[in-house]
Amino acid sequence: MSSLREGPAIVVRREDYAPPAFWIDTVDLAFDLDPAKTRVLNRMRLRRNPDVAPQALRLDGEDLNLARVLVNGGGCSFRMDGQTLVLENLPEGAEPFDLEIFTTCAPEKNTQLMGLYVSQGTFFTQCEAEGFRRITYFLDRPDVMASYTVTLRADKDRYPVLLSNGNLVDSGNLPDNRHFAKWVDPHKKPCYLFALVAGKLVAREQRIVSRSGKEHLLQVYVRPGDMDKTEHAMNSLMASVVWDEARFGLPLDLERFMIVATADFNMGAMENKGLNIFNTKYVLANSATATDTDFANIESVVGHEYFHNWTGNRITCRDWFQLSLKEGLTVFRDQEFSMDLCADPSARAVKRIEDVRVLRTAQFPEDAGPMAHPVRPDSYVEINNFYTVTIYEKGAEVVRMMQTLVGRDGFRKGMDLYFQRHDGQAVTCDDFAQAVADANPGSELSRLLPQFKRWYSQAGTPRVQATGRFDAEARTYTLELAQTCDPTPGQSDKAPFVIPVAIGLLDAQGRDLPLHLDGGPAVSGTQTVVLSEACQSFVFTGIDAEPVPSVLRGFSAPVVLDMNLSDAELLHLLAHDSDPFNRWEAGQRLALRRALHAIRAEGPVHQEPLDEAFVAAMRAVLRHPALDAAFKELVLTLPAETYIAEQLDIVDPQRIHAVREAMRSQLAHALHEDWIWAYEQHRDNGAYRPDPVSTGRRALTGMALTMLCLAARDNGNPVWPGKAYQRFKDAGNMTDRFNALSALVIAGLPLASEALARFHGMFKQEALVLDKWFALQAGAPDRGGNVLPAVRQLLAHPDFNLRNPNRARSVIFSYCSANPGAFHRADAAGYVFWSEKVIEIDAFNPQVAARLARALDRWKKLAEPYRSAAREAIARVAAKPDLSNDVREVVTRSLAD
Ligand code: PHE
Ligand code: ZN
């Protein structure tokens, strides 16, 4: 992968897939672990693939020192082709043969955190996607599945815990104060699921009995001081085991399931068979150090990695173009898991709204920018660049549409058939879709399968134009739906997608009308129609008065819906829609309309962009007796600046920021009494519990406090800043404490610096809390260009460490990717900063650098002077001769036209 800085970048194409020329049946690995020089003895049993013409064996390797190669115990000839080890004179015929390879590597010098590396004195591995080749020579591709036996040897004092995949079959002492552990994985696996961990760790343990009566041991391994932060991860793991068995009939297939946390990790977590390795951010939590968001994220990431055990590990990907086969499906599963854990429909809807928000603020821009790619890409230079919101989140939406088209029970049948057909195999996205369709003959999915699969092959976000027409005489309501999709890189013309559109019609009282599609049987509430042509009409009969349409309920497809509803209609939906998603969406549309109006207006930004009707509607939601606090907080949150930017052809980030701030400030003042009421009503929540109800109350309290501090900043009244500071000091949990701190920082109040200093003093030993402290400052609303100098100071802070991905992200990504109002500066200093950091990080961690490189993806939409300055900054990065493939691919695509 990434360290290939020599030679031209090679494009890998999906259509070039060829099965491997050899199979590897068994692998026996022995590690002598030493940070400076680890010795790896790799003994494999291979055989030729009878279906492929005889050819040389080409083994992937990267940054390895090769010491010995033996075939069937004897010497043999080999050569290097770049970093590839080529063996040409292997035994002919079908008989298996033994290949022994002895290499060394230097884990302590491994700064990219791929392969075998050291984090805080402990050894970890990361092999997905192509990291195993940095451990030993191998056929590093997911369709080669082998049985693994692993022996770890290391110093007993420094590395008392020795872990690998599967079951511990032997352990004991060795001379020189060393010891060993031998692990056997009972399941065949691709090498990207290999893992080892060695170090000083402690474990929280839990024994469980599955439905079939089998006993399992669950373990969560952390550093000795972190035991008091493992309960929630363990609870989440137990809930995951129960859920997968209940919802999909998928049991835990291992005697032992381990999670290990590391502070140095490029991504969120990794689903290595039986030995998941996690970023500490997604394991460690207690009420004093973690927020409600952290608790929710841990639940879903623990679930996600656990669910991979079936969707990803038991059935894996044929090649990396099929990445969404496991990721889209597993995100869908973790989303469903989190929703199923919610007791009531409102909490489910809140989760759905949050997921859609991620999709629309991150994936839609990706799909409209230079890195746009289909859910199943056709080519890549660096596979690490394709762990994207498109593969994950859009991929999950594609799976969700399948469930919508075949129903929840039908989807379960589809999953059953998928496992019946493919358990133990490496397969494709086509195989998955085929199984779901075949299990549901007669469904719309089965009828339209080839066309439905365009969701896998065509990039870009479809737009659906909806127009409604009421005919009083005929008593019909006709909904015309038309779809288009803009060109994306390499795809100029798009064929129509299959788009499930969930529809409701509201009467004047806000009640759902019974729906008769084309005079068909009555459906109460929601009817899902399937748009599969460029343009189609759907006629609802027996309609007596003009209804208000509620279209794309639950966000039934990942599309942009254009429908010209009046303010009155949107206000009606906001007040009454039985579909909570569209109820929220109506509020977002009303806010967006006002934001766009103020942005497009001539002259200086209007300081009061909101009208009385909108304010009154927001007040009604805030004061509503029946709505949940969590839902209210979502409705009262204005659309994000990046989401607003996507609606514009030419983007002036400063103006967007100014308008959104003006709207927020107006809401702060106009609803002042209501915010006080909301704060007082929701502030007490008793003992901390991360359940949806108390989480929602804390979220609304935090929002109220921010609004009250914003108002105080303008009118100079010290009461609410004082209360916020008091709450910050007295809070009984991190959510309330951090919300109070944020309120002071966001409002830019003088007390903020005092609170920040105090917060740092309280938590200087807690890395994850310090990440929040850094992120809050780097993400603060810009006032006259003050954030960039603050960010530069944060980089000089003794607690800052560019090599730790979480810390780097907390400052640099929070500024460049999450704070558009501060990053896009007319003097281009934000972009200069960005280019410096991309280059600096690329020298030691290309994966993290390439993610940062994407902060300027949408530069072509920027207004001048931002646009030219951004292009210049990207060109400056691109001009560096020794970039990694990772960053090179991103900036090349970004500059292409
Ligand atoms: N496969 C991991 C997941 O989605 C993500 C990951 C990819 C982690 C590559 C590390 C490296 O759960
Ligand atoms: Zn995953």
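Ligands are counted one by one from 1 in listed order, and the atoms in each one are counted from 1 as well.
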The closest protein heavy-atom partner of atom 6 (C) of ligand 1 is M267 CE, 3.7 Å
Q) Does NZ or CZ of R803 come closer than 6.0 Å to the centre of the six-membered ring of F844, within 45° of the ring's axis? A) yes
Counting from 1 in the order shown, the ligand 1 atoms closer than 4.0 Å to a non-hydrogen atom of E305 are 3 (C), 12 (O)
the protein heavy atom lying closest to atom 8 (C) of ligand 1 turns out to be A269 O, 3.3 Å
- Query: Would you say E128 has any N or O atom under 3.5 Å from an N or O of ligand 1, going by distance alone?
  - Reply: yes
| request: Could you tell me whether the side chain of V12 reaches within less than 4.5 Å of the side chain of F321, counting heavy atoms only? | output: yes
For H308, the atoms of ligand 1 under 4.0 Å from one of its heavy atoms are 3 (C), 4 (O), 12 (O)
Here the atoms of ligand 1 under 4.0 Å from any heavy atom belonging to E327 are 1 (N), 2 (C), 3 (C), 4 (O)
Worksheet item: After noting the C-alpha distance and the side-chain angles of W320 and E128, does the key distance pass the side-chain contact (heavy atoms from CB on, under 4.5 Å) rule?
Response: CA-CA 10 Å; W320 290 121; E128 187 179 7; 3.6 Å; yes
Query raised in the report: Taking 4.0 angstrom as the limit, do D430 and R376 come out as a salt bridge?
Result: yes
At the Zn ion (ligand 2), OE2 of E327 and NE2 of H308 open up to roughly (10° bins) 90°
Closest to atom 5 (C) of ligand 1 among protein heavy atoms sits Y392 OH, 3.3 Å
*Heavy-atom gap M114 to ligand 1 smaller than 4.0 Å*: no
Does the Lys NZ or Arg CZ of R333 fall within the cation-pi geometry relative to F248 - under 6.0 Å from the ring centre and within 45° of the axis? yes
Atom 10 (C) of ligand 1 has as its nearest protein heavy atom Q126 NE2, 3.2 Å
Practice task
Decide yes or no on side-chain contact (heavy atoms from CB on, under 4.5 Å) for Q112 and R134, but give the supporting numbers first.
Solution key: CA-CA 11 Å; Q112 0 179 324; R134 297 170 55 76; 3.6 Å; yes
Of E130, K326, E271, H304, the residue with the heavy atom nearest atom 2 (C) of ligand 1 is E271
Of Y380, Y387, F386, the one forming a ring-ring contact (aromatic ring centres under 6.0 Å, His included) with H373 is F386
request  = Could you tell me if the ring centre of F332 sits under 6.0 Å from that of F411?
outcome  = yes
